[in-house]
Amino acid sequence: MRKKIAAGNWKMNTNLTTGQQLASEVINMVNSEVNSDVQVILIPPYFHITGVKKLIGPAKNIFLGAQNVHHEDSGAYTGEISAEMLQSCGVTHVVVGHSERREYFGEDEALLAKKVRKVLDFGMTPIFCCGEKLEVREADKHFDLNKKQVEGALFGLSEEDIKKVVIAYEPVWAIGTGVTASDDQAQEMHAFIRKLIADKYNQATADSISILYGGSVKPGNAKALFSCPDVDGGLVGGASLKSRDFTDIAKSF
Ligand code: 13P
């Protein structure tokens with residue numbers, strides 16, 4: 001059985017007070033309302049990590065994620081954060097290759113492969129993002145592009161390691177736009193990605209990997225998306241900043 005996952009990527013939002021409040025509300029609601037077989041992952045900005053870890057407390061199905069990581073172990077990289085630092089704070093999941101990092105910080109597959117390796121080396125789970133821009137889909141090159149992204153960053157991994165990765169398909173045209181991929185578009189791409197993994201590794205490995213959808217997931221569309229056979233949950237941006245909405249999404253399996 002693949003894991004069902006609702007992950008909330010807060011991006012560069014909240015301050016110390018509002019972030020703590022959001023995390024407390026979500027944790028309380030999730031503890032009382034969300035089925036324990038759903039993994040809920042809170043992915044706040046770095047400065048919240050230790051505070052949110054404390055708030056999560058003993059909850060077994062609530063995890064702590066980071067939005068990025070540096071690919072080197074340590075050293076003179078002012079402003080960066082290492083996998084060891086994150087792990088030492090109780091982080092279990094790290095987003096790697098979000099389209100905003102690719103777009104604004106020039107992250108490419110070669111770099112992302114190093115980041116994935118580093119996250120795995122520290123015993124954490126990479127949430128590896130892929131997804132095409134609108135012009136790529138309009139040119140009918142979206143399958144090629146997602147294949148290139150997945151192969152380039154992940155296919156150097158052993159079978160044992162790729163099983164530890166979570167993939168998030170986030171079409172760039174659906175992020176923060178209010179335009180969600182249709183259920184058919186999401187299912188089609190998720191099935192395609194799973195087949196890539198089956199062809200490279202084997203079907204059992206492909207079947208064990210959770211593939212999340214991201215891009216304007218809301219309480220109103222989560223249920224239909226999550227009932228697609230190859231959609232195992234969501235990586236949620238804007239709606240994760242509202243405790244009621246995010247909890248309702250986590251209840252949509
Ligand atoms: P939105 O849910 O705001 O579209 O963001 C999706 C996303 O980028 C999550 O990582």
Side-chain angles (χ1 to χ4, degrees), residues 4-14 18-19 22-23 26 38-46 48-49 52 63-69 86 91-105 107 112 115-116 119 124-134 136-137 142 145-146 149-150 153 165-183 185-186 189-190 193 210-226 228 231-253:
K4 300 173 195 168
I5 297 173
N9 174 11
W10 297 6
K11 307 191 182 183
M12 195 173 73
N13 291 297
T14 71
T18 58
L22 173 61
V26 170
V38 175
Q39 290 196 350
V40 173
I41 308 170
L42 303 184
I43 313 177
Y46 295 137
H48 281 307
I49 279 176
V52 172
F63 298 85
L64 183 59
Q67 298 176 14
N68 183 32
V69 66
L86 296 174
V91 167
T92 52
H93 295 73
V94 183
V95 176
V96 176
H98 192 282
S99 60
E100 289 149 17
R101 302 248 13 127
R102 294 175 189 266
E103 176 76 12
Y104 307 133
F105 302 94
E107 298 194 355
L112 299 175
K115 293 191 181 206
V116 166
V119 171
M124 299 179 289
T125 301
I127 302 178
F128 173 75
C129 302
C130 59
E132 77 286 352
K133 292 184 184 173
L134 186 58
V136 174
R137 180 167 278 266
H142 46 301
L145 194 272
N146 281 276
Q149 292 178 335
V150 169
V165 175
V166 169
I167 295 174
Y169 169 56
E170 296 205 312
V172 178
W173 47 272
I175 296 178
T177 58
V179 180
T180 316
S182 69
D183 306 339
Q185 285 171 323
M189 186 59 79
H190 284 225
I193 293 168
S210 292
I211 306 180
L212 314 183
Y213 168 78
S216 298
V217 177
K218 304 274 183 273
N221 59 29
K223 226 181 189 77
L225 284 163
F226 297 174
C228 298
V231 178
D232 305 305
L235 180 54
V236 185
S240 74
L241 298 171
K242 296 182 185 148
S243 52
R244 183 68 269 158
D245 285 4
F246 183 60
T247 307
D248 285 346
I249 290 168
K251 289 163 75 175
S252 299
F253 290 93

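Order of appearance sets the numbers: ligands from 1, and atoms from 1 within every ligand.
When non-hydrogen atoms are compared, ligand 1 lies under 4.0 Å from the side chain of Asn9 (C-beta onward) but not from its backbone. Contacts between Ala174 and ligand 1 below 4.0 angstrom, taking non-hydrogen atoms only, involve the backbone exclusively.
At least one N or O atom of Gly237, backbone or side chain, sits closer than 3.5 Å to an N or O atom of ligand 1. Of the polar atoms of Gly238, at least one N or O is found under 3.5 Å from an N or O of ligand 1, judged by distance alone. Residue contacts with ligand 1: Val236 is placed with no nitrogen or oxygen under 3.5 Å of a nitrogen or oxygen of the ligand (distance criterion only).
Proximity of Lys11 to ligand 1 is established by a heavy-atom distance of less than 4.0 Å. Contact between Gly176 and ligand 1 is present, with at least one heavy atom of the residue lying under 4.0 Å from the ligand.
For His142, there are no ring pair (Phe, Tyr, Trp, His ring centres under 6.0 Å) partners at least two apart in sequence or on another chain. Scored by the ring pair (Phe, Tyr, Trp, His ring centres under 6.0 Å) test, Phe128 finds no partners at all (sequence neighbours excluded).
Taking the charged nitrogens against the carboxylate oxygens, Glu107 and Arg102 have no contact shorter than 4.0 Å, which rules out a salt bridge.
Counting heavy atoms from C-beta outward, Leu212 and Val166 have side chains that approach closer than 4.5 Å.
Proximity to Gly215 (heavy-atom distance under 4.0 Å) selects the following atoms of ligand 1: 4 (O), 6 (C). Applying the 4.0 Å criterion to heavy atoms of Glu170 picks out, from ligand 1, the atoms 6 (C), 7 (C), 8 (O), 9 (C), 10 (O). The distance from ligand 1 to the heavy atoms of Ser216 drops below 4.0 Å at these ligand atoms: 1 (P), 2 (O), 4 (O).
Glu132 and Trp173 share a donor-acceptor pair across their side chains, judged by distance under 3.5 Å alone.
Expressed to the nearest 0.5 Å, how far CD1 of Ile175 lies from NZ of Lys11 amounts to 5.5 Å.
Between Phe226 and Phe253, the angle of the ring planes stays under 30°, which puts this pair in the parallel group of the 30/60° scheme.
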